[in-house]
Amino acid sequence: MHKKAKKLKVLFASSEVYPFAKSGGLADVAYALPKALSKKFEINVILPLYASIDIDKYHIKPVKLSFSIQMGGTTYDILLYKCRYKGIIYLFVQSELISEKEYFYGPPDQGYADNAVRFALFCRAIIKVLKEDSSYTILHCNDWQTALAPLLVKEDLSLHIKTVFTIHNLAYQGIFDRDTLDEIGLSPSYFHSEALEYYGAINLMKAGIVYADSITTVSSEYAKEIQTQVFGCGLEGLLVYHRTKLHGILNGIDTEFFDPQSDPLISHHYTPSDLDGKKSDKKAFLKYSGLKGAQKPLFVFIGRFTRQKGISLLIEILEQTASLEINIAILGEGEIRYRTQLEQIVSLNSHIHLFFGYDEETSHRLYAAGDFLLMPSFFEPCGLTQMIAMRYGTVPIVHNVGGLKQTVHSYKIFDPGAKHGFGITYSEQKPEVLLDALLKAVKLYKTPFLETLNLHNMRSDFSWTKSVEAYTALYHNLEQL
Ligand code: ADP
Ligand code: GLC
């Protein structure tokens, strides 16, 4: 009789995880990827216990293990909490610095001044968890907030853990003053260009890139792009140097959670064989928002108000859309300058509705109600929004870049046998080109081909299946190193 092989044990570390703490796609991935991997691995997820996390709702309880961490001459007390949610064990790191602040990273437009110390503490707590439980084989870190952990693993000779570092967004690197090195308890020997030094400052993202055994990023297009000056955010040289351990693995979406057939956050359900519910969702949404004209195409934008998402480009063309016989609904939060500009435009244009803030329910209602999703990103490592939109029968309009290029192909080369989705794509990031894409959408809206596209997209595979295969191979290769 064969004994069942023991599953590899993985600790997955992220500064955001849905449903506990989410500001963007990282949280979706940190929820859905471990869930998808848990069939093949024993996987626990670790995140900071922010003040906004509802410990009663999720039955989050303290674990016996409490400890203190000495860092840069200061002692920090840490409490570990735990819960099980949808079959996965989550560990939460509680400390005064992390947990007694209103925001995850800081108020809009700012990061907290002590973020380096806050997240270094999180990383040191991760190391403590690994030392307490010797059955872990792999540590999988995500973005700069957890980038120090691979370095700390290398420093600790008693740990035989292999590390993966995933770059979700190279634009956020965790850059701090040189003095921070001392505050986070690292030797001055790290202050050189092949380690953490970056133009006279220290760069925490570099720790992940240099010290992890393997680096992944969230699409193979972005993996290529970040090795160039245009998208490398100053780290292109370092990434080229480490390219043999850099892999692009495309994200998926949780197709159970994002499912118009059963989504509890939308009023009417629908499937590719019966789209009536989508029409009702649109009507219900128009009524709720006060937008007029169910016969007009509804364009939606869902995303952070930052340069990355191309919100500035959208703002440039908004007033010109008044003559197009369309409605536009925008949901997002972020930089205040964009909010102010949008509020001004919306006050003068009754065909545009703005929801300012972060609201999961409104986002689902928009995916269901929309005819077109606007995603004019300047760069996009992967992008989940366009995949969710396609699953809800909403045609994406995207700038041909990063993960958008890989997941949305031009409707002009539609192939019913293709495995991927289709939408309206454009290549030049200029207001007149974006406006032209909207005009194409208005034309497309009047043709029966729109439904053909939507039915194809709704049936396409945006699940995690292929990515899980790639991560599985990666973890097994690392184990054998
Ligand atoms: P990014 O991670 O760069 O923000 P993604 O497209 O990968 O972009 O993921 C964004 C995720 O956050 C999606 O699940 C999207 O629906 C959600 N989202 C973005 N902004 C909001 C908002 N204001 N309210 C609710 N959900 C939002
Ligand atoms: C980042 C990127 C986005 C990606 C998400 C999840 O926030 O901006 O493109 O989809 O992470 O990996």
Side-chain angles (χ1 to χ4, degrees), residues 12 14-19 21-34 104-105 108 140-146 165-173 205 216-223 225-226 231 233 248-255 257-258 263 265-266 300-311 329-335 338-339 342 354-368 370 373-392 394 396 398-399 401-408 462 464 467 471:
F12 191 95
S14 172
S15 61
E16 292 183 24
V17 184
Y18 180 85
K22 170 168 166 179
S23 79
L26 169 62
D28 288 332
V29 172
Y31 163 70
L33 177 59
F104 309 152
Y105 314 119
H140 189 153
C141 297
N142 296 276
D143 277 351
W144 75 262
Q145 294 88 348
T146 54
F165 178 60
T166 298
I167 300 171
H168 294 263
N169 196 334
L170 199 62
Y172 304 98
Q173 298 179 3
M205 180 73 107
T216 71
T217 189
V218 289
S219 66
S220 45
E221 276 301 323
Y222 193 58
E225 288 173 354
I226 55 178
F231 295 101
C233 304
I249 304 180
L250 190 70
N251 286 331
I253 55 171
D254 186 320
T255 47
F257 181 66
F258 292 111
D263 185 340
L265 300 178
I266 61 176
V300 301
F301 173 97
I302 302 162
R304 294 178 290 111
F305 294 162
T306 57
R307 180 184 174 276
Q308 172 188 352
K309 298 293 169 184
I311 187 75
I330 298 173
L331 166 67
E333 65 179 352
E335 290 171 42
Y338 295 129
R339 177 184 182 167
L342 284 167
L354 171 68
F355 295 92
F356 184 78
Y358 180 86
D359 187 58
E360 194 70 34
E361 183 170 345
T362 306
S363 74
H364 287 231
R365 293 179 71 175
L366 281 173
Y367 286 121
L373 173 92
L374 290 160
M375 213 164 164
S377 308
F378 278 89
F379 67 94
E380 198 58 75
C382 176
L384 305 176
T385 317
Q386 79 284 7
M387 292 193 259
I388 305 170
M390 288 189 275
R391 181 134 173 90
Y392 281 73
T394 301
V398 304
H399 179 210
V401 76
L404 298 176
K405 192 169 173 179
Q406 224 175 307
T407 53
V408 185
F462 300 111
W464 280 98
S467 323
Y471 279 112

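Each ligand, and each atom within it, is numbered from 1 in the order the structure gives.
- Under a cutoff of 6.0 Å and an axis angle of 45°, Arg391 and Tyr367 do not form a cation-pi pair.
- Of all atoms in ligand 1, numbered sequentially from 1 with element shown, those under 4.0 Å from a heavy atom of Gln308 are 3 (O).
- Residues passing the side chain to side chain contact (heavy atoms under 4.5 Å, CB included) test with Ala223 are Thr217, sequence neighbours excluded.
- Of the N or O atoms in Asn169, none lie within a sub-3.5 Å distance of an N or O in ligand 1.
- Looking at ligand 1, you won't find any N or O of Met375 less than 3.5 Å from one of its N or O atoms.
- Side chain to side chain, Tyr105 and Ser23 fail the donor-acceptor criterion of an N or O pair below 3.5 Å.
- In this view, Phe258 and His364 satisfy the ring pair (Phe, Tyr, Trp, His ring centres under 6.0 Å) rule, not counting sequence neighbours.
- Among Thr216, Thr146, Asp143, the one residue that satisfies the side chain to side chain donor-acceptor pair (under 3.5 Å) test with Thr166 is Thr216.
- For Pro376 against His399, the heavy-atom pair with the smallest separation is C-CB, 4.3 Å.
- Not close to ligand 1: Phe355, with no non-hydrogen atom less than 4.0 angstrom away.
- Under the 3.5 Å distance criterion, the side-chain polar atoms of Gln386 are left unmatched by any main-chain donor or acceptor of Leu404.
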side-chain contact (heavy atoms from CB on, under 4.5 Å) assessment of Met387 paired with Cys382: CA-CA 10 Å; Met387 292 193 259; Cys382 176; 3.7 Å; yes
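- Protein heavy atom nearest atom 15 (C) of ligand 1, with residue, atom name and distance: Tyr367 OH, 3.4 Å.
- Where the criterion is an N or O separation shorter than 3.5 Å, residue side chain and backbone included, Asp359 meets it with respect to ligand 1.
- If you check which protein heavy atom lies closest to atom 5 (P) of ligand 1, you get Leu384 N, 3.5 Å.
- Using a cut-off of 4.0 Å between Lys/Arg side-chain N and Asp/Glu carboxylate O, Glu380 and Lys309 are scored as salt-bridged.
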Step by step, would you call Asn251 with Trp464 a side-chain contact (heavy atoms from CB on, under 4.5 Å)? CA-CA 7 Å; Asn251 286 331; Trp464 280 98; 3.5 Å; yes
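- When the heavy atoms of Ile330, Asn251, Thr385, Leu404 are ranked by distance to atom 6 (O) of ligand 1, first place goes to Thr385.
- For ligand 2, the 4.0 Å heavy-atom shell takes in Gly25, Leu26, Val29, His168, Asn169, Val218, Asn251, Arg304, Gln308, Glu380, Pro381, Cys382, Gly383, Leu384, ordered by chain and residue number.
- At least one heavy atom of Gly303 lies less than 4.0 angstrom from ligand 1.
- The closest protein non-hydrogen atom to atom 22 (C) of ligand 1 is Tyr358 CD1, 3.5 Å.
- Looking from atom 2 (O) of ligand 1 to the surrounding protein, the closest heavy atom is Gly25 N, 2.6 Å.
- The shortest N or O to N or O distance between Glu360 and ligand 1 is not under 3.5 Å.
- Side chain of Gln173 to backbone of Cys233: a donor-acceptor contact under 3.5 angstrom is found.
- Ranking protein heavy atoms by distance to atom 8 (O) of ligand 1, first place goes to Lys309 NZ, 3.0 Å.
- Judged as a side chain to side chain contact (heavy atoms under 4.5 Å, CB included), and not counting sequence neighbours, the contacts of Arg339 are Glu343, Phe356.
- Nearest to atom 4 (O) of ligand 1 among the protein's heavy atoms is Arg304 NE, 2.8 Å.
- Taking every heavy atom of both residues into account, Thr407 and Met390 meet most closely at O-CE, 3.5 Å.
- In terms of heavy-atom proximity, Leu331 sits nearest to Gly357 at CD1-O, 3.6 Å.
- In terms of N/O distances under 3.5 Å, ligand 1 is not approached by Ile302.
- Checking side-chain atoms of Glu16 against main-chain N and O of Leu26 turns up no donor-acceptor pair under 3.5 Å.
- Close approach of ligand 1 to Gly24 (heavy-atom distance below 4.0 Å) involves ligand atoms 2 (O), 4 (O), 11 (C), 12 (O).
- Taking 4.0 Å as the cut-off, Gly357 counts as a neighbour of ligand 1 on heavy-atom distance.
- No N or O atom of Ile388 sits closer than 3.5 Å to an N or O atom of ligand 1.
- Looking at Gln386 next to ligand 1, no N or O pair under 3.5 Å apart turns up.
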Can you check side-chain contact (heavy atoms from CB on, under 4.5 Å) on Tyr222 and Gln406, steps first, answer last? CA-CA 9 Å; Tyr222 193 58; Gln406 224 175 307; over 6 Å; no
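- Residue-ligand proximity, Gly383 to ligand 1, at heavy-atom distances under 4.0 Å covers atoms 6 (O), 7 (O).
- At the top of the distance list for atom 12 (O) of ligand 1, counting protein heavy atoms only, stands Lys22 CE, 3.6 Å.
- Looking from atom 13 (C) of ligand 1 to the surrounding protein, the closest heavy atom is Asp28 OD2, 3.5 Å.
- Distances from ligand 1 to the non-hydrogen atoms of His168 include no value under 4.0 Å.
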Hey, mind stepping through Phe305 and Leu342 against side-chain contact (heavy atoms from CB on, under 4.5 Å) and telling me if it holds? CA-CA 10 Å; Phe305 294 162; Leu342 284 167; 3.7 Å; yes
